[in-house]
Protein chains: 2
Amino acid sequence: MVRQIFEREDLIPKLAEIFRQHGYEGASIGLIVAETGAGRSSLYHFFPGGKEEMAAAVLDNVALWFETHIFTPLDTLPEAEAIPTMIRAVTEYFRSGQRICLVGAFALDRTRDLFAERIAQYFDRWLASLSGCLRRAGLPEDAAFARAAQTIAAIQGAIVLTRATARDCLFHEVIAQIAAPSPQLSQADAKDSPS
Amino acid sequence: MVRQIFEREDLIPKLAEIFRQHGYEGASIGLIVAETGAGRSSLYHFFPGGKEEMAAAVLDNVALWFETHIFTPLDTLPEAEAIPTMIRAVTEYFRSGQRICLVGAFALDRTRDLFAERIAQYFDRWLASLSGCLRRAGLPEDAAFARAAQTIAAIQGAIVLTRATARDCLFHEVIAQIAAPSPQLSQADAKDSPS
DNA sequence: GTCTATAAAGCGATAGAC
DNA sequence: GTCTATCGCTTTATAGAC
């Protein structure tokens with residue numbers, strides 16, 4: 001086994017993928033050693049706090065990625081571009097639902113208690129940026145927040161549905177509908193409910 | 001510590017709650033012994049296959065509950081009642097998003113591979129019942145399936161969002177919007193897009 | 001059907017050499 | 001910064017008495 005020399009920053013994406021695939025509890029140090037190719041001592045050298053520090057670093061790294069590629073565009077791009085940009089970015093990032101959202105997954109069991117602030121911060125930031133964007137697009141505040149929640153829930157739920165059924169067409173099915181909100185539904189209405 | 005005499009069926013709801021709170025990997029036998037109050041040997045007596053058999057039994061029990069309280073009503077109730085009935089049932093069952101969906105949570109990590117058939121079956125059954133109901137309500141087949149996927153994703157995503165932010169108002173916010181589908185959105189359209 | 005005791009492996013984390 | 005070796009504890013699972 002050839003052992004390389006690592007930098008902390010190079011380890012984080014590998015750690016992220018391991019936590020994504022196995023969950024926090026399922027990602028044992030032994031597994032992490034095997035999958036990263038890094039030695040036990042190297043890992044504890046870079047992350048003296050052990051597994052918890054590794055996961056925290058991963059969550060911070062995820063938050064930074066979303067800040068750059070999702071939240072800031074939502075805050076600054078013209079409304080017409082912002083949401084399609086977000087849809088494209090999350091579709092690629094989550095690999096059409098075959099790659100999970102680590103933050104969402106950590107939220108579901110006791111792991112949440114370890115990283116509660118980071119997890120809440122991630123979703124609150126997303127909700128704020130998206131509803132701000134919808135607000136600028138002309139929706140009243142209540143409706144903007146409601147649709148932001150609906151949209152983020154749709155993305156998270158689409159991941160669950162896709163992973164559960166192993167069919168990523170379901171991801172695209174759900175995502176397609178959030179990209180095309182009420183205006184499109186009026187067409188269905190025109191056909192189905194003439195009243 | 002007073003030790004009771006258990007029956008297998010009485011253990012299953014307790015096991016379900018433990019798996020929900022800790023995840024499959026996080027739910028150790030020691031924890032299960034402590035939380036159920038059952039002895040180690042009793043557990044292996046009822047579930048010779050160990051933890052995997054416990055989780056399988058829990059998943060079967062969940063599937064049965066949904067069959068009775070969600071899927072069969074969707075298949076048999078008049079369309080106007082079926083979906084509000086489902087909304088009420090899932091809102092109570094998932095405690096407004098503070099209690100997770102075990103099947104959805106298991107789908108997110110490697111645990112999925114252990115129970116892949118049961119997990120896929122649960123969501124496929126839900127999708128089939130709900131889209132059948134929407135079909136009877138007058139939606140064309142494609143639209144019915146798409147809205148079924150959207151609705152189930154919304155429920156799953158609402159749970160993630162609620163657990164992540166510890167605010168169950170988000171659950172109700174998301175659920176309220178699926179309870180009011182195209183017919184109601186046409187009202188919004190009447191206001192917002194006179195074209 | 002439940003008890004106590006224990007085997008055998010895996011766990012997170014550390015020590016000390018280089 | 002990485003190595004090997006190991007500590008102390010927890011894990012799943014089983015054995016045998018009652």
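All chains are named by letter (A, B, ...) in the order of the sequence lines, taking the proteins before the strands, and each is independently numbered beginning at 1. Everything numeric in this text was worked out from a predicted model, so none of it was measured. Values reported hereafter were calculated over all heavy atoms of this structure, with side chains retained and with hydrogens, waters and symmetry mates removed.
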Near DNA chain C, which residues from residues 45-62 of chain B have a heavy atom under 4.0 Å away?
->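 Hits under 4.0 Å, by residue number: H45(B), F46(B).
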Return the orientation label for the W126(B) and Y122(B) ring planes: parallel under 30°, perpendicular over 60°, tilted otherwise.
-> perpendicular
Starting at [atom1] of [X] and ending at [atom2] of [N], how long is that distance when rounded to a whole Å?
X      : N       : atom1 : atom2 : answer
L11(B) : dG1(C)  : CG    : P     : 12 Å
L31(A) : dT11(D) : CG    : P     : 18 Å
H22(A) : dG12(C) : NE2   : P     : 13 Å
L43(A) : dG1(D)  : CG    : P     : 13 Å
E7(B)  : dG1(C)  : CD    : P     : 9 Å
R40(B) : dT12(D) : CZ    : C1'   : 8 Å
I29(B) : dT6(C)  : CD1   : C1'   : 16 Å

Under 4.0 Å between a Lys/Arg side-chain N and an Asp/Glu carboxylate O for E53(B) and R8(B)?
-> yes
[atom2] on [Y] to [atom1] on [X], rounded to 0.5 Å:
X       : Y      : atom1 : atom2 : value
T111(B) : E52(B) : OG1   : CD    : 10.5 Å
K14(B)  : E35(B) : NZ    : CD    : 10.5 Å
I29(A)  : K51(A) : CD1   : NZ    : 6.5 Å

Please name all residues satisfying side-chain hydrogen bond (donor to acceptor under 3.5 Å, both in side chains) with H45(B), sequence neighbours left out, ordered by chain then number.
-> none
T165(A): what forms a side-chain hydrogen bond (donor to acceptor under 3.5 Å, both in side chains) with it, not counting sequence neighbours?
-> none
Tell me, with the steps shown, if T162(B) and D168(B) meet side chain to side chain donor-acceptor pair (under 3.5 Å).
-> CA-CA 5 Å; T162(B) 301; D168(B) 65 2; over 6 Å; no
Picking from dT2(D), dT14(C), dT2(C), which would you name as closest to the side chain of I5(A)?
-> dT2(D)
Not counting sequence neighbours, which residues clear salt bridge (Lys or Arg N to Asp or Glu O under 4.0 Å) with D142(A)? List them please.
->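 Per chain and number, D142(A) pairs via salt bridge (Lys or Arg N to Asp or Glu O under 4.0 Å) with no residue.
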So, is S42(A) near the phosphate of dG1(D), with a side-chain N or O under 4.0 Å from OP1 or OP2?
-> no
Tabulate atom names and distances for all N/O pairs under 3.5 angstrom spanning the protein and nucleotides 15-18 of chain C.
residue, atom, partner, partner atom, Å
dA15(C), N6, S41(A), OG, 3.2

Could you point out which residue of M86(B), E79(B), R125(B) forms a side-chain contact (heavy atoms from CB on, under 4.5 Å) with L74(B)?
-> M86(B)
N/O-N/O pairs, protein side and nucleotides 7-10 of chain C side, under 3.5 Å:
none

Assess whether side chain to side chain contact (heavy atoms under 4.5 Å, CB included) is satisfied between L130(A) and I83(A), documenting all intermediate values.
-> CA-CA 8 Å; L130(A) 182 53; I83(A) 290 174; 4.1 Å; yes
